[in-house]
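One structure is given here, and the rest of the page talks about it.
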Amino acid sequence: MSSQEVEVTEVLVIGAGQAGIAASEHLSAAGIPHIVLERNRIAERWRSERWDSLVANGPAWHDRFPGLEFDDVDPDAFAPKERVARYFEQYAEKFDLPIRTGVEVLGVRRDPAHGGFVAETSAGPVRARYVIAATGAFQAPAVPAIVPASAGVEQIHSSAYRNPEQLPEGAVLVVGAGSSGVQIADELRASGREVFLAVGAHDRPPQRYRDRSFVWWLGTLGLWEKSTPPAGAEHTTIAVSGAHGGRTIDFRDLAADGITLVGRAEAYADGVLTFGPDLERDVRAGDANYLSVLDQADAYVARTGIDLPEEPAARELGPLPESVVHPIRALDLAEAGIASIVWATGFRVDYRWLPEGATDAQGRPLHERGVSAEPGIYFLGLPWQSRRGSSFIWGVWHDAKYIAEQIEIQRGYLRYTGNGRPATVPVDARPELATA
């Protein structure tokens, strides 16, 4: 196809990570014509934007799609990142999904002449009536503007971190108490580095309790299905790890291993980085979150009579580390020997390539369960898109099913002939989603 030709499809899916693959499976099952465009390889972020030793944080029996199991990973083990990427390749092959790699979408605009949209891509324009933005929420690294480049320390985002040998000699400050931050800090300390870990608000579920994984407990207790986060917890990180065969994150253990815990990084001036005063509060709140899951699990066992072994030792947390009770509030980076900072501070969305109306003034998606405020645009892979589990592998699969159903509803309305003959519309069609 030359650059002047326009390819036409019903649905254009942008991105071939877990969200795009899930969307393509459900669109294929519904017989909806579509193509999936991916600028790199399938599941590229699992390959090139994660550190070398990363494994999935949930066991293989759970962190997968329903249509395919891991054939070479124990169900209770944690798949390495390259194996996860290969899993999605196998999934695409099994369902013969129409994925094209190496094609970048540069922009999407309305097509008033034909209805729908035109996407400008590196392989030429594509016209589609519907567009699914399946690039997810982890698009652009979010690094707080705290420490200037002139500070004399190397600074990288966690997405660029690969292994301890990558960093210059010296101590390392890791900023962020979510899964990435605690795992990177732990790996750096095990390599012999002096490590400081800046800890903010977080949840920390037990990796395993009473012979069941935390993913099993969150599912049985209905916690995956929560539709909205608690007020103020929209961006709370989760400290959980599949490393070392899967273990519960406890900041006491990290401190006992020699990691110095500090509060949330707040400001920098004249070589000195200052930290917030809430370290103890945040660690105690993480403990409370952990214990609340144990309480709910115990109540479930008592209510159902299910035969699971008791585990009283799980409640023995021990005293808080000295670095938490009497935290360092300011740190001269040079005096502390800190040569590098790893910012495990998450990501921000980047949907500048979508037409006006799909995002708000800050570039955040405007949507209801992935159905955009801009008719014909759909999002997939967003945190809390429909439930707590939306940004997880299995959760995005269920959200993709809903999006495919919404697109089929719209197609049903468009099939209406206007002569009194009804359109073929699914029984759960919502009138408010009809296009004019």
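Proximity of Leu12 to Leu37: side-chain heavy atoms (C-beta onward) are separated by under 4.5 Å at one or more points. The shortest side-chain heavy-atom distance between Leu291 and Val293 does not fall under the 4.5 Å cut-off. Inter-residue side-chain proximity for His26 and Ile403 is flagged as unmet; no heavy-atom pair is nearer than 4.5 Å. Inter-residue side-chain proximity for Ile306 and Tyr300 is flagged as met; some heavy-atom pair is nearer than 4.5 Å. Side-chain atoms of Ser28 and His34, non-hydrogen and from C-beta on, do get closer than 4.5 Å to each other. Here the side chains of Leu197 and Arg189 are not in contact, with every heavy-atom distance at 4.5 Å or above. With contacts defined as side-chain heavy-atom distances shorter than 4.5 Å, the pair Pro327/Val262 does not qualify. Side-chain contact between Val342 and Gln155 is absent, with no heavy-atom pair separated by less than 4.5 Å.
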Q. Which is it for Phe251 and His202 under the ring pair (Phe, Tyr, Trp, His ring centres under 6.0 Å) test, yes or no, and what are the steps along the way?
A. CA-CA 11 Å; Phe251 290 98; His202 60 274; 4.8 Å; yes

Q: For side chain to side chain contact (heavy atoms under 4.5 Å, CB included), just list the numbers for Val396 and Phe392, CA-CA rounded to whole Å, side-chain angles, deciding distance to a tenth of an Å, and then say yes or no.
A: CA-CA 6 Å; Val396 78; Phe392 293 81; over 6 Å; no

Q. After noting the C-alpha distance and the side-chain angles of Gln183 and Asn57, does the key distance pass the side chain to side chain donor-acceptor pair (under 3.5 Å) rule?
A. CA-CA 11 Å; Gln183 290 179 58; Asn57 287 326; 3.2 Å; yes

Q: Just do the side chain to side chain contact (heavy atoms under 4.5 Å, CB included) check on His398 and Lys401 with the steps written out, would you?
A: CA-CA 5 Å; His398 292 284; Lys401 184 175 187 294; 5.6 Å; no

Q: Dump the intermediate steps for side chain to side chain contact (heavy atoms under 4.5 Å, CB included) on Leu380 and Gln385, then the final yes or no.
A: CA-CA 8 Å; Leu380 198 54; Gln385 178 162 316; 3.6 Å; yes

Q) Stepwise, does the side chain to side chain contact (heavy atoms under 4.5 Å, CB included) test hold for Leu218 with Val215? A) CA-CA 5 Å; Leu218 293 183; Val215 298; 5.9 Å; no

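Applying the side chain to side chain donor-acceptor pair (under 3.5 Å) test to residues at least two apart or on different chains, the pairs with a partner in residues 242-260 are Asp186-His244, Asp186-Arg247, Asp250-Arg252, Arg252-Asp287. For residues 209-219, the set of pairs meeting the salt bridge (Lys or Arg N to Asp or Glu O under 4.0 Å) definition, not counting sequence neighbours, comprises Arg208-Asp211, Arg210-Asp298.
Here Arg204 contributes atom CZ and Ser179 contributes atom OG; the two are 13.0 Å apart, rounded to the nearest 0.5 Å. Note that CD1 of Ile393 and CD1 of Ile21 are 10.0 Å apart. Values are rounded to the nearest 0.5 Å. Put simply, CZ on Arg129 and CD on Glu10 are 6.5 Å apart, with the number rounded to the nearest 0.5 Å. Interatomic distance, OG1 of Thr135 versus CD of Glu38, reported as 10.0 Å (0.5 Å rounding). Here the CG atom belonging to Leu97 is positioned 12.5 Å from the CD atom belonging to Glu89, to the nearest 0.5 angstrom. Taking NZ of Lys81 as the start and CG of Asp52 as the end, the distance is 5.5 Å to the nearest 0.5 Å.
Figure legend: cation-pi geometry between Arg64 and Tyr87 absent, as NZ or CZ is not positioned both under 6.0 Å from the six-membered ring centre and within 45° of its axis. Figure legend: Arg329 and Phe275 shown without cation-pi pairing, the cationic atom not lying both under 6.0 angstrom from the six-membered ring centre and within 45 degrees of its axis.
Under the side chain to side chain contact (heavy atoms under 4.5 Å, CB included) test applied with Val172, the options Glu154, Glu194, Arg193 reduce to a single match, Arg193.
A salt bridge is defined here as a Lys NZ or Arg NE, NH1 or NH2 lying under 4.0 Å from an Asp or Glu carboxylate O, and Asp350 with Arg348 fails to meet this definition. Ion pairing of Asp399 with Arg387 is present here, as a side-chain N (NZ or NE/NH1/NH2) and a carboxylate O approach within less than 4.0 Å.
Taking both residues in full, the closest heavy atoms of Ser323 and Ala255 are given as OG-CB, 4.5 Å, listed atom of the first, atom of the second, then distance. Closest of all the heavy-atom pairs between Asn289 and Ser292 is O-OG, 2.7 Å. Pairing each heavy atom of Tyr268 with each of Pro148, the nearest pair is CD2-CD, 3.3 Å. Minimum heavy-atom separation, Leu261 to Pro321: CD1-CG, 4.5 Å. Closest heavy-atom contact between Leu27 and Ala404: CD2-CB, 4.1 Å. Of all non-hydrogen atoms in Gly20 and Val13, the two that sit nearest each other are CA-CG1, 3.8 Å.
In this structure, Thr359 contributes its side chain and Pro365 its backbone to no donor-acceptor pair below 3.5 Å. At distances below 3.5 Å, not a single donor-acceptor pair connects side-chain atoms of Gln18 with backbone N or O atoms of Ala43. Side-chain atoms of Trp51 never come within 3.5 Å of backbone atoms of Pro164 as a donor-acceptor pair (strictly under, hydrogens ignored). For the pair Glu408 (side chain) and Ala30 (backbone), a donor-acceptor distance under 3.5 Å is absent. Arg162 contributes a side-chain N or O that, together with a main-chain N or O of Ser48, makes up a donor-acceptor pair within less than 3.5 Å. Listed for the Asp360 side chain is a donor-acceptor partner under 3.5 Å among the backbone atoms of Arg364. Ser340 places no side-chain N or O within 3.5 Å of a backbone atom of Pro168 that could act as its donor or acceptor partner. Under a 3.5 Å cut-off, the side chain of Glu49 and the backbone N or O of Trp46 do not form any donor-acceptor pair. For Trp217 (side chain) and Tyr209 (main-chain N/O), a donor-acceptor pair under 3.5 Å exists by modelled atom type.
Under a cut-off of 6.0 angstrom, the local environment of CD in Gln362 is crowded, with over 12 non-hydrogen atoms contributed by other residues, nucleotides or ligands. Within a 6.0 Å radius of CZ in Arg47, more than 12 heavy atoms belonging to other residues, nucleotides or ligands are found.
For the residue pair His62 / Ser213, no side-chain donor-acceptor distance below 3.5 Å is found, with atom types taken as modelled. For the residue pair Glu187 / Tyr161, a side-chain donor-acceptor distance below 3.5 Å is found, with atom types taken as modelled. If you check the side chains of Trp397 and Glu25, you find a donor sitting under 3.5 Å from an acceptor.
Below 30°, between 30° and 60°, or above 60°: for His157 and Phe347 the angle between ring planes is above 60°, a perpendicular geometry.
For Phe70 and Trp61, the gap between ring centers reaches or exceeds 6.0 Å. Between Phe117 and Tyr130, a ring centre-to-centre spacing not shorter than 6.0 Å is recorded.
Remark: Arg86 engages Asp72 in a side chain to side chain donor-acceptor pair (under 3.5 Å) (not counting sequence neighbours).
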